[in-house]
Amino acid sequence: MQARKSPRSPWRRRSRHTTDETAGHRAMRNADQLYAEYKEPLYAAPPLLQRMVDAGRLGRKTGSGFYAYN
């Protein structure tokens with residue numbers, strides 16, 4: 001029996017709220033490590049997450065991520 005590959009990336013299934021709580025740069029680092037290990041595009045970080053990390057939108061600790069925190 002062959003294992004079935006998931007058509008969706010695990011990073012896309014992750015809740016935006018959870019990513020904001022745990023900081024986007026950590027999710028980015030984890031994705032980079034998985035991609036480096038397995039060389040599977042499935043494990044690459046989504047481009048949106050890369051743009052957010054580059055812009056400094058790391059989540060609750062910086063005051064903005066997927067949501068704005070005041």
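Note that the structure is a prediction, hence the values are computed from the model and not measured.
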Inset, instruction - Mind listing the closest non-hydrogen atom pair of Ala31 and Ala45 along with its distance? - result: CB-CB, 3.5 Å
Legend entry - Connected via hydrophobic side-chain network under 4.5 Å: Leu42 and Leu34: yes
Inset, instruction - Mind listing the closest non-hydrogen atom pair of Tyr35 and Glu40 along with its distance? - result: CD1-O, 3.1 Å
Inset, instruction - Might you point out which heavy atoms bring Thr62 and Gly56 nearest each other, and give the distance in Å? - result: OG1-O, 3.5 Å
Inset, instruction - For residues Val53 and Leu58, report the shortest heavy-atom separation together with the two atoms involved. - result: CA-CD2, 4.1 Å
